[in-house]
**Student:** 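Quick one: the structure is below, and I'll ask about it shortly.
These numbers come from a predicted model, not from an experiment. Just so it is clear: chains get the letters A, B, ... in the order the sequence lines come, proteins before strands, and each one is counted from 1.
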Number of protein chains: 2
Amino acid sequence: MTSIKDVASHAGVSVATVSRVLNDHPAVRPDTRSRVLTAVTQLGYRPNAVARSLRTHQTRTLGLVISDVLNPFFTELARAVEDAARERGYSVIIGNADERAALQEHHVRTLLERRIDGLLVSPTDGGNAMIRDAAAAGTPMVFVDRWIRGLDVPVVHADGRGAVHDLVAHLHALGHRRLAIIGGPSETTTGDERVAAFRAALDAHGLPLPPEYTGQGDFQTESGRRETAAFLDLPEPPEVVFAADNLMALGAMDELRRRGLRVPHDIALAAFDDIPWFLHTDPPITAIAQPTGELGHRAVEALINLVEGRSAESVTLTARLVTRRSCGESEGKNR
Amino acid sequence: MTSIKDVASHAGVSVATVSRVLNDHPAVRPDTRSRVLTAVTQLGYRPNAVARSLRTHQTRTLGLVISDVLNPFFTELARAVEDAARERGYSVIIGNADERAALQEHHVRTLLERRIDGLLVSPTDGGNAMIRDAAAAGTPMVFVDRWIRGLDVPVVHADGRGAVHDLVAHLHALGHRRLAIIGGPSETTTGDERVAAFRAALDAHGLPLPPEYTGQGDFQTESGRRETAAFLDLPEPPEVVFAADNLMALGAMDELRRRGLRVPHDIALAAFDDIPWFLHTDPPITAIAQPTGELGHRAVEALINLVEGRSAESVTLTARLVTRRSCGESEGKNR
DNA sequence: GACCGTCGTGGTAACGATTACATCCGACAT
DNA sequence: ATGTCGGATGTAATCGTTACCACGACGGTC
């Protein structure tokens with residue numbers, strides 16, 4: 001591999017001059033500059049970011065640890081994060097935790113060893129020691145979507161309570177009274193806050209949320225299938241299943257289809273997180289849409305503020321209900 | 001940030017010894033080892049991978065440049081790649097080219113500057129200078145799914161010709177005679193090979209593939225919509241639309257829905273790439289499934305062989321047809 | 001008892017960049 | 001003619017590791 005030294009000797013200058021040209025420092029004579037530049041292209045020189053990072057103590061790289069790459073919500077988020085970061089001259093390294101705390105820890109550790117400038121996390125668990133230590137040690141960090149309570153780390157997320165309330169109102173108007181929810185792991189904030197919001201909304205309509213109607217999922221497809229099966233095996237099954245994320249909704253559909261049940265005729269279905277496919281499922285799924293792209297952008301903005309020594313605030317956006325046909329035909333309009 | 005020096009002085013040994021302990025070199029007395037280890041935990045020391053990489057000339061990192069993160073096929077691939085790499089002690093940095101050659105180049109450049117040990121690429125274009133140079137310069141490289149012709153780089157991909165033939169046979173048996181395809185960009189291998197396979201299969205059934213039935217897409221949703229609209233505006237629209245990837249199939253469905261057409265009653269639809277959602281669309285989509293996970297594993301295996309100085313072979317797996325209802329009800333079995 | 005191999009350890013030179021400081025040189029003012 | 005100033009360039013220290021070499025101690029062999 002050719003190094004800055006090769007370029008220097010090839011151009012007949014010192015390494016300092018080459019470095020100055022590469023970082024376009026003003027104090028370089030135009031002809032020297034062009035001599036260096038031609039040497040660079042002739043040799044096909046490519047600066048070594050590793051050496052540069054060692055010297056400058058910055059990698060211009062952000063780490064992003066997401067809970068599950070196979071979840072379209074997170075890939076959309078990752079894409080927005082990468083876009084926003086690139087615009088500002090940063091790269092992003094993505095770590096997929098696959099909803100497993102151990103894997104999340106693995107990724108956080110490697111990212112920290114690589115000395116990324118800042119960390120964006122959507123935690124899989126409720127209180128990770130490594131994340132806690134890193135935050136305490138002053139690693140620039142921002143939580144996105146989910147967060148860990150009791151840490152002084154900015155959070156960028158969407159508040160779904162209003163939308164959940166709208167959803168319940170919609171369901172109630174359609175005549176549904178027995179509503180069930182498949183929640184996420186209680187260690188995650190999104191896991192229990194969505195259940196809490198659902199319960200509050202039911203409460204406002206004078207509806208109960210009995211324990212047997214609150215399934216305990218893990219945000220993965222299989223748990224959606226399992227909890228739906230449990231609901232259906234109840235002596236009095238619910239009239240509506242609300243899945244707290246899109247993968248569990250997919251699992252729920254699998255189980256409903258397996259049993260030959262028709263949506264919404266036999267049972268209604270709704271999901272948290274809206275994705276393009278929900279428009280094309282049979283039937284199209286009523287969902288709560290988060291402003292995913294903006295979530296990513298704002299998170300990067302906050303993190304880069306932290307990285308560059310400024311302060312950063314938490315950001316709360318709002319999710320909104322997108323009504324389709326999976327809960328029953330009320331208004332004829334479905335997008 | 002605490003360095004190996006701090007650990008050394010804290011443990012009362014030299015930096016060389018600390019390094020030996022950390023890389024578990026055998027020649028260290030057990031009590032020295034444990035003294036170092038306690039110093040490490042007490043100080044919360046975390047080795048600096050940047051410095052290590054500079055010194056050892058290896059990053060234990062693979063670069064993966066994919067064409068589009070929002071395409072479930074590629075996220076599934078990325079996930080398999082990361083899994084396989086992690087098992088072997090490598091990390092993966094993903095670059096999303098978003099089907100844009102310029103963005104692909106950006107990512108290849110940054111990855112090369114970071115001195116990744118090897119590069120996995122699913123090229124967006126047909127002949128990138130940077131990729132060509134990197135390959136010529138001996139950067140360990142493997143193409144996956146798509147490739148660039150004329151380069152001596154191993155390719156790991158799935159052959160879809162048999163499955164396309166099966167698909168055409170299936171369509172023919174259902175009575176369809178006017179079949180159209182939305183292909184990918186002709187610069188990509190998958191773009192034109194899928195069209196070629198389709199044409200060959202039609203030929204075998206004595207069916208023509210007129211130019212107006214070969215749409216030119218770019219593997220993105222919007223182009224699927226556009227080309228489908230063009231088909232439908234023809235004086236004699238096709239009876240079947242075959243989309244060369246799942247996103248264009250999504251676009252096609254959007255357009256069909258917009259026009260109030262019913263699948264398969266009014267027009268049939270099939271797609272290359274199978275994804276979980278295709279089971280739940282209205283109707284479930286007949287698709288050609290690639291062994292995505294194995295593609296990722298084999299690609300990593302080949303690349304690591306190259307990285308570690310062994311040789312690597314190209315691998316060709318086979319795709320298979322998954323029949324569902326979107327082309328018409330023939331056999332009662334779907335799934 | 002001299003010799004030799006091995007083990008455990010320390011010192012230190014790289015790796016490839018950036019950058020503070022030193023140096024040189026020409027121009028300009030006095 | 002001398003001094004000063006500033007622009008252009010070179011020298012060398014430095015970042016945190018690893019790896020090579022050296023060295024002392026110890027045990028075994030003849």
**Student:** May I ask you to evaluate whether A/Ser19 reaches the phosphate of C/dT18, defined as a side-chain N or O under 4.0 Å from OP1 or OP2?
**Tutor:** yes
**Student:** Taking the nucleotide of DNA chain C with the nearest heavy atom to each, does A/Arg52 or B/Val13 sit closer to the 5' end?
**Tutor:** B/Val13
**Student:** Select from A/Ala27 and A/Ala16 the residue whose nearest nucleotide in DNA chain D is closer to the 5' end of that strand.
**Tutor:** A/Ala27
**Student:** Rounded off to whole Å, could you give me the CZ-to-P distance for the A/Arg46 and C/dG16 pair?
**Tutor:** 16 Å
**Student:** Without decimals, in angstroms, what is the distance between B/His57 NE2 and D/dT18 P?
**Tutor:** 13 Å
**Student:** Within a radius of less than 6.0 Å around CG of A/Asp152, do more than 12 heavy atoms belonging to other residues, nucleotides or ligands occur?
**Tutor:** no
**Student:** Nearest to the side chain of B/Leu54, heavy atoms from C-beta on, is which of C/dT19, D/dT17, C/dC15?
**Tutor:** C/dC15
**Student:** Over how many whole Å does the gap from B/Asp24 atom CG to D/dA19 atom P extend?
**Tutor:** 13 Å
**Student:** Would you indicate what B/Val15 reaches in the nucleic acid, counting non-hydrogen atoms under 4.0 angstrom: base, sugar-phosphate, or nothing?
**Tutor:** base
**Student:** Check this for me: does any side-chain nitrogen of one of A/Glu113 and B/Arg60 sit under 4.0 Å from a carboxylate oxygen of the other?
**Tutor:** no
**Student:** Do B/Arg146 and B/Ser67 get their side chains close enough for a donor-acceptor pair, meaning under 3.5 Å?
**Tutor:** yes
**Student:** At under 4.0 Å, does any side-chain N or O of A/Arg20 touch on OP1 or OP2 of C/dT19?
**Tutor:** no
**Student:** Which whole-number value in Å describes the distance from B/Ile4 CD1 to C/dG10 P?
**Tutor:** 12 Å
**Student:** May I ask you to evaluate whether A/Asn48 reaches the phosphate of C/dC15, defined as a side-chain N or O under 4.0 Å from OP1 or OP2?
**Tutor:** no
**Student:** OP1, OP2 of D/dG10 versus side-chain N and O of A/Thr17: anything below 4.0 Å?
**Tutor:** yes
**Student:** What's the CZ-C1' distance between B/Arg55 and C/dA14, to the nearest Å?
**Tutor:** 5 Å
**Student:** What I want to find out is whether A/Arg33 reaches A/Asp24 closely enough, with some N-O distance under 4.0 Å, to be called a salt bridge.
**Tutor:** no
**Student:** To the nearest angstrom, how far is A/Leu22 atom CG from C/dT19 atom C1'?
**Tutor:** 15 Å
**Student:** Within the 4.0 Å heavy-atom criterion, would you say A/Thr32 contacts the bases, only the backbone, or no part of the nucleic acid?
**Tutor:** sugar-phosphate
**Student:** Reckon B/Val50 touches a base, only the sugar-phosphate, or nothing at all at heavy-atom distances under 4.0 Å?
**Tutor:** nothing
**Student:** Is it true that B/Arg100 and B/Glu187 have a side-chain N and a carboxylate O under 4.0 angstrom from each other?
**Tutor:** no
**Student:** Taking only side-chain nitrogens and oxygens of B/Ser14, does any of them come within less than 4.0 Å of OP1 or OP2 of C/dG10?
**Tutor:** yes
**Student:** Starting at atom CZ of A/Arg33, determine the distance to atom P of D/dG7, rounded to an integer number of angstrom.
**Tutor:** 15 Å
**Student:** What's the closest nucleotide to the B/Thr56 side chain, out of C/dC15, D/dG16, D/dT18?
**Tutor:** D/dT18
**Student:** Over how many whole Å does the gap from A/Lys5 atom NZ to C/dT18 atom C1' extend?
**Tutor:** 14 Å
